[in-house]
Number of protein chains: 2
Amino acid sequence: MAVNLKQLAELLGLSQTTVSRALNGYPEVNAETRQRVLQAVRETGYRPNRAAQRLATGKAYSIGMVMPIAAGIDSDVHFGEFLAGLGEEAVKHDFHFVLNPSAPEDEEATFQRLAASGNVDALFLAYMRANDPRIAMLKSLSMPFVVHGRSIGEARDYPFLDIDNTAAFYDAARLLIQLGHRRIALINGPDYLSFSIRRRKGMARALAEHGLNLDEALVHHSLMTDEHGYRSMQRFLQQPDAPTAVLCSSTVLALGAVRAINQAGLAIGRDISLIAHDDVLPMLKPENFSVPLTTTRSSLRAAGGRIATRLIASILKSGAYPDQELWRAELIVRASTGPAPQK
Amino acid sequence: MAVNLKQLAELLGLSQTTVSRALNGYPEVNAETRQRVLQAVRETGYRPNRAAQRLATGKAYSIGMVMPIAAGIDSDVHFGEFLAGLGEEAVKHDFHFVLNPSAPEDEEATFQRLAASGNVDALFLAYMRANDPRIAMLKSLSMPFVVHGRSIGEARDYPFLDIDNTAAFYDAARLLIQLGHRRIALINGPDYLSFSIRRRKGMARALAEHGLNLDEALVHHSLMTDEHGYRSMQRFLQQPDAPTAVLCSSTVLALGAVRAINQAGLAIGRDISLIAHDDVLPMLKPENFSVPLTTTRSSLRAAGGRIATRLIASILKSGAYPDQELWRAELIVRASTGPAPQK
DNA sequence: ACGGATATCCAAAGCGCTTTGGGAGGAAAA
DNA sequence: TTTTCCTCCCAAAGCGCTTTGGATATCCGT
């Protein structure tokens with residue numbers, strides 16, 4: 001059924017060379033001949049065998065990523081959204097992705113296998129941790145890669161795209177302080193991820209500038225699920241000196257937090273203020289919360305698109321992009337933040 | 001840096017044939033020789049080039065899927081969860097995935113390209129629609145595939161895994177009817193997807209058995225987001241003869257519905273009953289809703305795992321699995337369902 | 001001691017493509 | 001007319017692996 005180059009060439013009475021050249025846009029082929037070839041391709045439905053193409057050129061037209069997976073590991077909404085961004089860009093250049101599932105402890109080895117397999121010509125890395133060993137590993141692979149996020153405590157001499165998490169949560173905390181809040185809580189992502197660390201740092205800095213301290217009892221780290229948001233908020237509210245404002249690292253966490261607040265009979269924006277980081281997840285819009293949420297916004301999907309663009313450019317060696325990018329999140333004030341309640 | 005078979009063979013003073021055979025477990029090689037080869041592999045870090053391997057064997061050890069993507073298309077939580085299930089199973093057999101992004105209108109052509117590319121040796125298809133043309137296309141590709149869901153109005157002569165959506169929503173609706181509800185609404189997924197059609201049918205059947213009709217004004221179809229759930233519920237509640245019970249096709253929709261109900265000052269499980277279909281999304285557990293949700297439950301992740309198992313078995317020709325599977329969703333009663341309020 | 005298994009190994013072909021290094025033929029230059 | 005230079009095309013090598021079809025050596029029974 002499927003024709004290959006050889007058959008196609010025979011059919012046309014041309015050599016494989018000429019057909020190949022015609023298809024790949026080389027100049028040394030007659031315009032008329034090229035048209036004939038193109039026509040034949042349309043008629044036969046010829047598709048080049050990618051494996052062969054790859055073997056010959058070394059290019060795979062694909063971006064590799066490892067997908068940590070285990071019985072206990074939850075799928076992550078944020079990941080899906082990011083992938084959508086990557087995909088949106090990749091489809092424009094006819095690139096695809098190779099997802100290599102891997103046990104978390106095996107991730108580095110999986111990256112090496114992936115790189116050596118010849119299946120991909122660039123790698124993508126995310127969920128950065130402090131002192132992340134994977135960066136050194138990727139550097140040693142001599143294959144283009146881009147990191148989403150940044151490590152902490154390492155030279156920044158690798159290509160990344162990150163948002164300025166420190167600034168985002170600094171801005172958010174400062175707004176709350178200006179509104180008169182003094183006891184501010186933080187419902188953060190996992191404590192080993194660098195974005196969590198930076199957000200916490202940004203918040204602490206804003207507090208410090210106003211002579212305030214970050215109270216350890218008001219900081220929770222957890223996976224960013226509705227459930228954890230709920231539990232954290234509930235625990236905060238049970239404390240003797242409950243916070244009057246909360247920062248959430250995701251709208252998903254905020255979802256649970258809002259629930260806990262409502263259940264406690266408190267009014268958001270009046271009794272307690274809430275700011276969440278908004279990754280612009282389409283299924284969870286801050287403006288649709290019962291009380292619209294004040295957020296620090298930065299589109300995950302856009303980040304995915306940008307990373308795909310850079311990765312593809314580095315493979316095709318087309319166009320130059322900055323190696324390091326730090327995006328600024330936008331602070332958007334809605335109804336969930338109000339002046340601190342008077343005691 | 002990276003060694004290939006030839007170099008490895010030279011290093012060992014063996015032929016490529018022997019080394020290849022030693023690695024692939026063929027019998028005609030001395031046990032001692034095999035050990036030497038294995039040792040050398042360990043020392044050199046030799047990894048076979050997959051592209052070459054594939055070219056020679058035709059096997060890619062990978063499962064292909066096309067990922068519909070466009071500016072307007074939202075990422076889907078359900079997809080991520082399903083993928084986790086696929087991955088969990090695939091990692092056990094060292095399989096990977098090829099995700100080919102595609103414009104929605106281009107999906108069929110993308111499948112064909114994917115199949116012809118030699119990049120994958122099985123395909124996976126989901127989000128089935130009624131009279132889905134993709135099934136005939138996949139059949140024509142002479143490559144194993146498994147469908148998640150089923151089409152409607154076509155011979156069922158293709159491999160699929162689906163849940164019995166009709167039965168699930170029949171059960172759910174019947175429970176509500178038994179509780180005395182007469183006006184029951186449905187917040188469903190997109191109307192062109194077959195699971196939506198079947199759920200609606202199941203609900204209609206239960207109503208019909210009790211002499212009731214499905215009121216078109218009480219049926220909404222939409223993407224399964226929080227926002228749509230909210231809007232639908234809001235509109236239902238504004239109607240003169242508002243429903244006393246609602247079926248939701250996803251806990252994500254239920255999330256919005258609950259918000260609308262709360263906002264209207266109604267009590268879930270007393271003023272209005274709610275049943276949602278639960279895909280067992282880790283970020284959204286029905287038992288964590290302010291009023292725990294009665295659900296029809298079936299794990300999407302488990303479905304992903306099973307499909308991966310079947311796909312891999314069909315590639316490796318190891319073990320036989322049923323070609324068609326229909327899973328039964330479990331009806332789990334929690335606090336969100338109660339007797340219909342007396343007028 | 002000899003024909004025939006049996007156990008190990010190897011050379012070479014082939015998978016489908018790209019690319020190098022020409023070659024034939026016609027047009028332009030001498 | 002001969003030489004030079006393009007233009008357009010081709011044969012063949014090579015990418016890294018698997019696999020077919022032997023080759024060689026060892027060992028058996030008779």
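Convention: sequence-line order gives letters A, B, ...; per-chain numbering from 1.
Atom pair A/Asn30:CG and C/dG25:P shows a separation of 17 Å (rounding to whole Å applied).
Side-chain atoms of B/Arg42 and B/Gln39 include a donor-acceptor pair closer than 3.5 Å. Residues B/Asn49 and A/Arg54 bring no donor and acceptor atom of their side chains to less than 3.5 Å of each other.
Stem analysis of DNA chain D (at least three stacked-register Watson-Crick or G-U pairs, each with both distances under 3.5 Å) gives C:1-30 with D:1-30.
Sorted by first and then second residue, the side-chain hydrogen bond (donor to acceptor under 3.5 Å, both in side chains) pairs involving residues 143-153 of chain B (not counting sequence neighbours) are B/Arg150-B/Asp162, B/Ser151-B/Glu154.
Think of the region where chain B sits on DNA chain D: with heavy atoms and a 4.0 Å cut, that region ends 5' and 3' at D/dG16 to D/dG21.
The ring pair (Phe, Tyr, Trp, His ring centres under 6.0 Å) check on B/Tyr158 picks up B/Phe160, with sequence neighbours excluded. The side chain to side chain contact (heavy atoms under 4.5 Å, CB included) search around B/Ser15 returns B/Thr17, B/Thr18, not counting sequence neighbours. A/Phe124 is linked by a ring pair (Phe, Tyr, Trp, His ring centres under 6.0 Å) to A/Phe82, counting only residues two or more places apart in sequence or in another chain. Among residues two or more places apart in sequence or in another chain, the ring pair (Phe, Tyr, Trp, His ring centres under 6.0 Å) test is passed with B/Tyr61 by B/Phe95. With sequence neighbours excluded, the residues forming a salt bridge (Lys or Arg N to Asp or Glu O under 4.0 Å) with A/Glu325 are A/Arg306, A/Arg310, listed by chain and number. B/Ala109 pairs by the side chain to side chain contact (heavy atoms under 4.5 Å, CB included) definition with B/Asp106, not counting sequence neighbours.
Evaluated for a side-chain contact (heavy atoms from CB on, under 4.5 Å) with A/Val147, the options A/Leu161, A/Leu125, A/Asp132, A/Ile307 yield exactly one hit, A/Leu125.
Residues from residues 51-62 of chain A that place a heavy atom under 4.0 Å from any atom of DNA chain D, listed by number: A/Leu55, A/Ala56. For the contact set between residues 5-24 of chain B and DNA chain D, defined by any heavy atom under 4.0 Å, the members are B/Leu5, B/Gln16, B/Thr17, B/Ser20, B/Arg21, B/Asn24.
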Let me have the donor-acceptor pairs involving side chains of residues 28-35 of chain B, under 3.5 Å, with sequence neighbours excluded, atom names and distances please.
residue	atom	partner	partner atom	Å
B/Asn30	OD1	B/Glu32	N	3.0
B/Arg34	NH1	B/Ala22	O	2.9
B/Arg34	NH2	B/Tyr26	O	2.5

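Panel note: side chain B/Gln7, backbone B/Asn4; a donor-acceptor pair is recorded below 3.5 Å.
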